[in-house]
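When reading the values below, keep in mind they use all heavy atoms of this one structure, side chains included, and skip hydrogens, waters and symmetry mates. Chain letters run A, B, ... following the sequence lines, proteins first, then strands; residues in each count from 1.
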Amino acid sequence: MSLFQVTSLLFLVGFSIFKLYGLLKSRKRLIFLFRDLLSLLSVIFAILVISFPAISTYLGNFFGIGRGVDFILYVSILILFLRSESLSHKLLDSEAKIEALVREISLKKCDKEP
Amino acid sequence: MKNYDDFLVVVPVYNEAAVLSSVLGSLTKHGFNNILVVDDGSTDDSVEIARKECATVLSHPINLGLGGALKTARKWVSLYGGKFSFVATFDGDGQHEVSDLLKIVGFIDEFSPDILLGARQFLYGKAPINRILISKLASVLIWLLCGKWFKDTQSGLRVFKKEVFTSLEFTSAGYSVSSEIILRGVERGFSIIEVTVPTRYSRYSLNKGQKVSNWYQVFSDLLHNS
């Protein structure tokens, strides 16, 4: 196993332990379960691909892409795009809530008659 | 002097302490006594100046943008604006003269439109070239989105029938609200008339106005909200 593989695996295992600890400590763990499950699956997939690079070649061939590294690249782009959309949606949602709050505060303090 | 007691003039303000007193003073001098200043998180003395000029003041604790200010005004009008028949919007940076407002108000009796827009004239050689180009681009975009041509989609000088103002469902928080108001108006089938008004560029208004760098945001907001 190369140094890159060992470093990546150590990072991923550390990250997983950190996430798992947070998940178990959280009182809202049922709400976050689905998101965390996806995150956990991604980490397991990453660990498998780093440990056994042949898996990516097999998957690349299976999906008709050819090279394993291309398969990983396409999947990464897809995941990053979905993540960016989800974050953008959350940001807009937060902005709308802040705006409504600011409006309520200003209306509560204002005069009713010009 | 005529009294415009059935008019509410909404003045969105963001750090306009340098000119606000003269803007509000000239409005009251011409009979527009009902003024609603929506302070959008100013850090200067705009709020105190507006209060001194006897305007009703709504103050945002943080800056939301022009659209956010107009939405707050819309909410206030729907809650407390029962006695008004018309709502005018008038920029707080001194870009408009009250004579411009009087000019467009003069069209109400004759045409009774739902929305009147003060369309600024962008004269080549007098207006900055980037503003002319941007204004034309915005007009083209609005034309593509709603099929109608408007000379100036970004003007802050408007007069609405009150019910029209409170029922327009614009959602943009930033500068794109000006174009969105037109889009929503066309969608709802409101009659919209543009009245040409002179454009006045002072160093102050040029510094305060929309920056070219804002325009990507304006166009993308507009496409997002259309």
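With a 4.5 angstrom heavy-atom cutoff, B/T72 touches chain A via backbone and side-chain atoms both.
Across all their heavy atoms, B/S59 and A/S106 have their closest contact at O-CB, 3.1 Å.
From A/L101, atom CG reaches atom NE2 of B/H60 across 11.0 Å, with rounding to the nearest 0.5 Å. Here the CD atom belonging to A/E104 is positioned 4.0 Å from the NZ atom belonging to B/K75, to the nearest 0.5 angstrom.
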key: Stepwise side-chain contact (heavy atoms from CB on, under 4.5 Å) check, A/I98 with B/I62   = CA-CA 10 Å; A/I98 291 169; B/I62 55 169; 3.7 Å; yes
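Counting heavy-atom pairs closer than 4.5 Å to chain A, the top-ranked of the candidates B/G65, B/G41, B/P61 is B/P61.
One N or O on the side chain of A/R103 and one on the backbone of B/G68 form a donor-acceptor pair closer than 3.5 Å.
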